[in-house]
Each structure stands twice: as structure tokens, then as C-alpha cells.
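Counting starts at 1 for both ligands and their atoms, following the listed order.
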Amino acid sequence: MDERAPLAVVVVGVGHLGRHHLRLARTLPGWRCVGAFDSERARLEKACAEFDAEPLPTLEDAVARAEAAVIATPTVTHLEVAERFLAARRHVLVEKPIAASVAEAVAMVRLARESGVALGVGHVEYFNPAVQAVLARAPRPRYLEAQRLSPFTRRSMDIDVVLDLMVHDLQLAQALNGGAPLREVRAVGVPVLSPRVDLANVRLEFANSCVANLTASRVSADRVRKLRLFEPDAYHSIDYAEQSVSAYRLVRTAGEAAIEPLDVKVEKAEPLAGEHLAFQRACRGEAGPFVDGEAGTAALAAAVAVVEAIAAANGP
Ligand code: NAD
């Protein structure tokens, strides 16, 4: 592979999110979009017409033409689609959650490793410039609080709110804790408008003693996306939607403690484009912020632990 040539990329699944992946595959430098595939022909043709991409007749064509694939099909199909590309030594960026079960995620990671290709997972919030600005400060939180509330949309009904929304904050909580394992998970969750859990709250304790309190809802009146981090001598509050950070630090002078504002600069950018650029770097074997298959599997394993804790709390 010529390290400087644009990579041949395909998008598989051009529904709600896949359309945005196709737009970026067609417009971002570093990509040469060789087409898209979706099992629903009418949707494929509409999306391809909108973004001037080639509708591919079969998944085999997509595998044959691509060096890299972005997969945005329903979660239950991630492994069956991804393994076709991975087995043919194509790099894969698969939407989050990585797969429908930890066993499937582990199989996907193993296949990527055996094939020697990059495997990324679409935890797009990690690429929010506000998150990257806070991560760059190497925070050591003692306590985290996240709220991710959305109105009901009927999308992602194949999974519950933990795998749908909370998995973003689980991945971020893990990244902010340097991958420390979980020590305790206590959770509550209820189905509201769907047969699956639509509203969940969890208290996680990491092995480094950090506590995270996460709330996710897909039946909320308002849309809220916030994360607050409490450190012994600093506080950061991230507004994902605004891509802004407000921060304060504790300063001690001559025995007197004072709270001072901290200026955390955030350069606004589209998180999904940041995710694509990170995937390109990984395809080229370059270092940089990236949510790889292992991190995606760890986030899924945490989500499964939350789901199990909810089931245990709800009883038989
Ligand atoms: P969607 O239903 O709108 O789109 C999925 C598309 O995949 C449809 O067009 C469908 O026809 C197609 N498809 C289904 N099975 C296929 C197959 N085997 N081969 C090819 N195409 C197939 O779903 P969506 O809301 O776009 O979600 C897709 C994925 O993205 C899910 O895993 C979801 O969890 C994830 N997602 C991530 C975020 C995020 O913030 N990162 C947000 C929404 C959804």
C-alpha cells in the first residue's frame, strides 16, 4: 500500500448514521470512496444519489473493491458483516457498540489481529474536541457524573438504552480512568416506551476507586449531553453538544485555598470527521487517539455488566 495514496473506502449500511459516514467517505481528504452497499436497494440508491457515490450490487463487490470499510448496519449484524472484510484483510471501522455480545466482539478483535489490519469502533463522543481537550490534560478523576438524555426516536430498537446511549459514557469513563477495571456495578433501569430498558442509572466503582454515576435515557423530553469530572484539585464540565469545557482548579497560597477558573481551549470540529481521520491514521499504522477493537470490547463488557446489574436489581 502506498502510504500517501488515498485509501479505497466503502460504507456498508447507509441508514440514519451510515449516510453521514458516506458523506465523509466522499468528502474527506485521505479517502477515495469506491462505493456503498446496503441490503435495502432503494435506500442505497437514494443515499448514493445524494452523495454521488457508486451503489454496489453485493457485499462481495464491496469487499473486493475496498482497502477499508465503515460498517453502520444494525448492531446484531456487525460481526457477520465485519468478518467478511477482516478475513479479506480489509481495515474496519464498525459502529458502536462493537457487537451484540462480548463473545462476538472478542471474535472480531481476534480476526483483525490475525489479519494484521486496523479495527476501530465508532465511539464518536471520544472524538468530540471537548473530550479530547480534557483528555489532553491527563485528568485523574475521583468522581464522574454523566447525563445522556434523548427524546424517543424508535431507532436502535434492537438494543436497550445501555448499549444504545450509555455505552458512549462507559467508554469515556474507561478512557478517563486509563482502562482501570471495574470493581462494582450497581444499576437500575426500566422499560418505558419499548420492551427493552429505555432509562438507566448506574453507579460504577473502578479499581482505582474512582466512582462514576451515569444516567442514560431515550425517553426524555429534553436532549442533554453532559459529563462532569471531579478531581482532588480540579473540576471539568464538558458540554458535548456545545463542544465546550468549563473548568476550575484549587489553588493554595500561604495556607489559603481559592477556586480559580481554568481556560480550556476547544477548537470545534465534527466528531465523526475526527473519528474517520483517526481511522485513516490507524489504517496507515500511525499513532494517535483511536478507539480500537479492544477498547470497544471493554466498553461493551461494561455495558453488559450494567445490563446484568439491572436484571439482578429487577429480580425474576
Ligand atoms: P439504521 O437502521 O438507520 O441503518 C442501518 C442500515 O443498515 C439500513 O439502511 C439497513 O438496510 C442496513 N442493513 C441492515 N443489515 C444489513 C446488512 N447485513 N448488510 C448491509 N446493510 C444492512 O440504523 P442506524 O441508526 O444508522 O444504526 C446503525 C448502527 O450505528 C448501529 O450499530 C447503531 O448502534 C449505531 N449508531 C451509532 C451512533 C453513534 O452515536 N455512534 C448513533 C446511532 C447509531
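In this structure, E270 pairs ionically with R23, as a charged nitrogen and a carboxylate oxygen lie closer than 4.0 Å. Using a 4.0 Å cut-off between charged side-chain N and carboxylate O, E294 and R113 make a salt bridge.
At a 4.0 Å heavy-atom cut-off, ligand 1 touches H16 through backbone and side chain alike. Contacts with ligand 1 closer than 4.0 Å are made by no heavy atom of L59, backbone or side chain.
Not close to ligand 1: E125, with no non-hydrogen atom less than 4.0 angstrom away. Ligand 1 has no atom lying under 4.0 Å from any heavy atom of H123.
Around atom 31 (C) of ligand 1, the closest heavy atom drawn from L163, L17, T73 belongs to T73. For atom 5 (C) of ligand 1, the nearest non-hydrogen atom from the set A72, A47, A36 belongs to A72. Here atom 7 (O) of ligand 1 lies nearest to P74 when heavy atoms of G122, G15, P74 are compared.
Taking every heavy atom of V124 and a limit of under 4.0 angstrom, the matching atoms of ligand 1 come to 40 (O), 41 (N). Close approach of ligand 1 to H78 is summarised as follows: ligand atoms under 4.0 Å from at least one heavy atom of the residue are 32 (O). Atoms of ligand 1 lying under 4.0 Å from any heavy atom of P97, numbered from 1 in the order shown and given with element: 34 (O).
Counted by atom type alone, E95 and H21 present one or more donor-acceptor pairs between their side chains at under 3.5 Å. Counted by atom type alone, R90 and S115 present zero donor-acceptor pairs between their side chains at under 3.5 Å.
An N or O contact shorter than 3.5 Å is missing between R155 and ligand 1 by distance. Of the N or O atoms in T77, none lie within a sub-3.5 Å distance of an N or O in ligand 1.
Under the side-chain hydrogen bond (donor to acceptor under 3.5 Å, both in side chains) test applied with H236, the options R249, R137, R228 reduce to a single match, R137.
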